[in-house]
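One structure below.
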Amino acid sequence: MAKVTVDGIEVEVPNGASVLQACEAAGVEIPRFCYHERLSVAGNCRMCLVEVEKAPKPVASCAFPVADGMKVFTDTEMVRRARRGVMEFLLINHPLDCPICDQGGECDLQDQAMAYGGDKSRYREEKRVVKDKYMGPLVKTIMTRCIQCTRCIRFTTEVAGTAELGATNRGEHMEVGTYVEKALTSELSGNLIDICPVGALTSRPYAFVSRPWELRKTDSIDVLDATGTNTRIDTRSGEVLRILPRINEDVNEEWLADRGRFAFDGLKRKRLDRPWLRQGGKLVPATWAEAFAAIAAKLKGMPGGRIGALAGDLVDVESALALKDLLAALGSDNLDCRTDGAAIDTSRRDFYTFNTSIAGIEDADALLIIGSNPRTEAPVLNARIRKRSVAGTFPVGVVGPRGMDLTYAQDWLGEGGATLKALADGTHRFCATLRAAKKPMLILGRHALTRADGAALLAVAWQIAAANNMLQAEWHGFNLLHRFGGQHGALDVGFVSGQPMAKMLSGGVDALWVLGADGLDLAAVPASTFVVVQGHHGEAAAARADVILPGAAYTEKDAAWVNTEGRVQLGYQAVPPPGEAREDWKVVRAASAALGKPLPYDTLEALRAKLVAGYPVFAQGDTLPRFVCTDTAGPAGDAAALRDDALLLPPGNYWQQDPISRASETMAECARTYAAPAALAAE
């Protein structure tokens, strides 16, 4: 450790730390544009100049290492003059368009010009003009505003792993762009908007929509993938206008995937905003009382064993528990939340959890990926894998389709069951790599378990983990990667018992309640089955419904969510549900009263008290103890039944994977933009 004195304050910092980091440790603010704590040091904006004792001139604190006994001064006349000079140079070519700039009110250049800049400029030359670059349907460019900090270049290269941005020319002729004009292909491209310190890169869907001081800000959780990214929802007049990430070092650091950031316009389209009843073969609008009366007329007196319920991928924990309690009151245990057909063993939590934890990826020293593309299934989690990969030796083996671009080096091992069998019995070449590692880990994609032999595949994956040093008393390297934010929580409350989904859909029940599975195809359900669909988007499930109950989307309710690593997090209501739609647990509670089986809670607090009492894991809000493996006994599947078929990735494109993103015009534009290049690449 080195002892450094900053403006008379003595601090200790690690050897090799920068002067800027020492100043931050002392609580002294240092202005900066190019420096970002998650990116490599560029040292090219010079705004962070400070004075160091015995140094002949100001030094760039971001790139200057500390030394024991060093004395740093951050507010001397030399420093003030240097910063004013730097700011004057930065503003020589910067356009005077703050009144129309979407960065206004959140602009680092504005803030630091006020705090550290001068009150006049000595330059009268014409300002430089730079042509705007096309970077796709999400990121809007006004490149004349660019101050060449190169944060965007370093982000795409180092974090996103798609080296698509760079600088051409030199000096005042330098321009940042994609060399050949094309849309950015990263699923993390929206983060460029956050890290740009000026208005050069802004949100194209948000352009000229509002000012930051007009917005109401609400903490939430992104549920459009299973990472559990912490977000902030900005609203005005009851409408979601943008979604930004919040910092959570253990989950998403400060990044957010593009689908979670930009798909929110789907919340306004194709919504279910009133109850509907099927009369004479047609769906007609109804009141809540009429809808509940129709449900009561069908379900009262029906044997419990003939009633079933399905919960979809975006269902919050409270609603899943409420529906489970309602069916229990009706005498039924026909429940299934695995609407994708995944053969998940719920007898132990570590069979379906990302046990290593997202932050734990950085401790691993080898990785095996089975039937998953983390880049499209969980882009923020994939960025953490890339971070570990570029930090040092980190062999990554992949079993699945050949040619996946995961943004980091990988070793393709094979495409199907034969490879998995060799890994399980120790005859595959990659086994030596895994056994030599101290903390190897395995990621199994949930979609891989939707095969007919999914239970066998799960059992074999566990055998691979057990045979290759992944299940230790101090380390749990087996990980199941879910795809959406409501999948893990429903498993935790036991929404899996009785008849499986396939049997219920084929006539195994006379009444079927479908919650939050808007995109589920119910065409095969017999005409005699009474179907209640509760959701927020009118997709395939609504077309087969006998009764439609409008629910609330994730931005429209206070709810608990569980991410793929088993972390319980809370999201809060940002806007009210549209029309007559209501929070899902309230709808279920009202229906229970109409059925003469009122549930024993009338408030969210009472429901959560029952949740915690029945499932203690929900008492640990936003904390995640490090999982260890004390029992290596595997899932119930028969490993010998595994077929040699190739593993397939989830169908469809990244941009349209859930009801909200499928209703989004922004995501539809992205799908059109990226579909053609993907089709050409496939050919």
Side-chain angles (χ1 to χ4, degrees), residues 161 187 225-227 257 342 344 350-391 393-424 428-437 439-451 454 457-471 475-483 564-565 642 645-650 654:
E187 296 78 14
D225 65 34
T227 305
I344 297 174
D350 59 343
F351 290 160
Y352 61 86
T353 299
F354 201 95
N355 299 289
T356 299
S357 79
I358 297 173
I361 293 172
E362 298 186 32
D363 297 329
D365 50 6
L367 170 62
L368 174 64
I369 300 175
I370 299 175
S372 176
N373 183 347
R375 177 177 174 181
T376 56
E377 295 174 39
V380 174
L381 184 146
N382 191 67
R384 185 83 71 152
I385 298 175
R386 173 174 169 78
K387 180 181 179 181
R388 173 61 187 89
S389 180
V390 300
T393 304
F394 188 60
V396 178
V398 176
V399 180
R402 191 166 195 164
M404 287 190 296
D405 181 8
L406 298 177
T407 72
Y408 41 84
Q410 75 251 15
D411 182 0
W412 183 72
L413 309 180
E415 62 179 5
T419 303
L420 296 179
K421 292 174 185 177
L423 287 165
H428 196 282
R429 59 178 174 80
F430 198 69
C431 291
T433 300
L434 294 174
R435 290 172 182 170
K439 292 184 176 180
M441 61 180 290
L442 175 152
I443 295 178
L444 173 62
R446 175 172 170 136
H447 183 74
L449 302 181
T450 62
R451 297 166 26 134
L457 198 156
L458 179 62
V460 169
W462 186 273
Q463 286 184 2
I464 293 172
N468 290 281
N469 196 34
M470 298 182 193
L471 306 180
W475 175 259
H476 203 317
F478 180 85
N479 304 287
L480 181 63
L481 180 59
H482 294 277
R483 298 182 56 218
T564 192
E565 60 179 351
L642 180 66
D645 300 4
L647 302 180
L648 300 179
L649 298 178
Y654 164 76

For the atom pair CG (L647) and CZ (R451), what is the distance rounded to the nearest 0.5 Å?
5.0 Å

Grab the two heavy atoms, one from L406 and one from P374, that are nearest each other, plus how far apart they are.
CD2-CD, 3.9 Å

Measure across F478 and L458 and return the closest heavy-atom pair with its distance rounded to 0.1 Å.
CZ-CD1, 3.8 Å

In short, I344 meets L449 closest at the heavy-atom pair CG1-CD1, 4.1 Å

Please list, chain by chain and in numerical order, all residues satisfying side-chain hydrogen bond (donor to acceptor under 3.5 Å, both in side chains) with E377, sequence neighbours excluded.
S372

With A448, which residues qualify under side-chain contact (heavy atoms from CB on, under 4.5 Å), at least two apart?
L444, L457

Of the non-hydrogen atoms in A467 and R435, which two are nearest, and what is the gap between them?
O-NE, 3.3 Å

Any side-chain heavy atom of I370 sitting closer than 4.5 Å to one from I464?
yes

One should read off an interatomic distance between L442 CG and T356 OG1, to the nearest 0.5 angstrom, of 9.0 Å

Residues in ring pair (Phe, Tyr, Trp, His ring centres under 6.0 Å) contact with F351, at least two apart in sequence or another chain:
W462

Partner set under side-chain contact (heavy atoms from CB on, under 4.5 Å) for A364, not counting sequence neighbours
F394, M441, W475

Qualifying residues under side-chain contact (heavy atoms from CB on, under 4.5 Å), relative to A378, sequence neighbours excluded:
T227, L381, L481

Interatomic distance, K439 atom NZ to D363 atom CG [nearest 0.5 angstrom]:
5.0 Å

Taken to the nearest 0.5 Å, the spacing of R483 CZ from H447 NE2 works out to 7.0 Å

Under the salt bridge (charged side-chain N to carboxylate O under 4.0 Å, His left out) rule, what pairs show up with a residue in residues 394-409, not counting sequence neighbours?
R375-D405

Exercise answer: donor-acceptor pairs, residues 415-422 side-chain atoms, under 3.5 Å, sequence neighbours excluded:
{"from": "K421", "atom 1": "NZ", "to": "L642", "atom 2": "O", "distance (Å)": "3.2"}
{"from": "K421", "atom 1": "NZ", "to": "D644", "atom 2": "OD1", "distance (Å)": "3.0"}

Y654 versus A257, closest heavy-atom pair with distance:
OH-CB, 3.5 Å

Mind checking side-chain hydrogen bond (donor to acceptor under 3.5 Å, both in side chains) for D365 and listing every partner two or more places apart, or none if nothing turns up?
none

What's the shortest heavy-atom distance between L423 and N468, and which atoms?
O-ND2, 3.4 Å

Rounded to the nearest 0.5 Å, how far does CD of E565 lie from CD1 of I361?
8.5 Å

Set of side-chain hydrogen bond (donor to acceptor under 3.5 Å, both in side chains) partners for Y408, sequence neighbours left out
N382

Residues in salt bridge (charged side-chain N to carboxylate O under 4.0 Å, His left out) with R429, at least two apart?
D411

ring-ring contact (aromatic ring centres under 6.0 Å, His included) partners of residues 352-377, not counting sequence neighbours, each pair once:
Y352-H488

Tell me every residue that passes side-chain hydrogen bond (donor to acceptor under 3.5 Å, both in side chains) with R446, counting only those two or more places apart in sequence or in another chain.
D340, H482

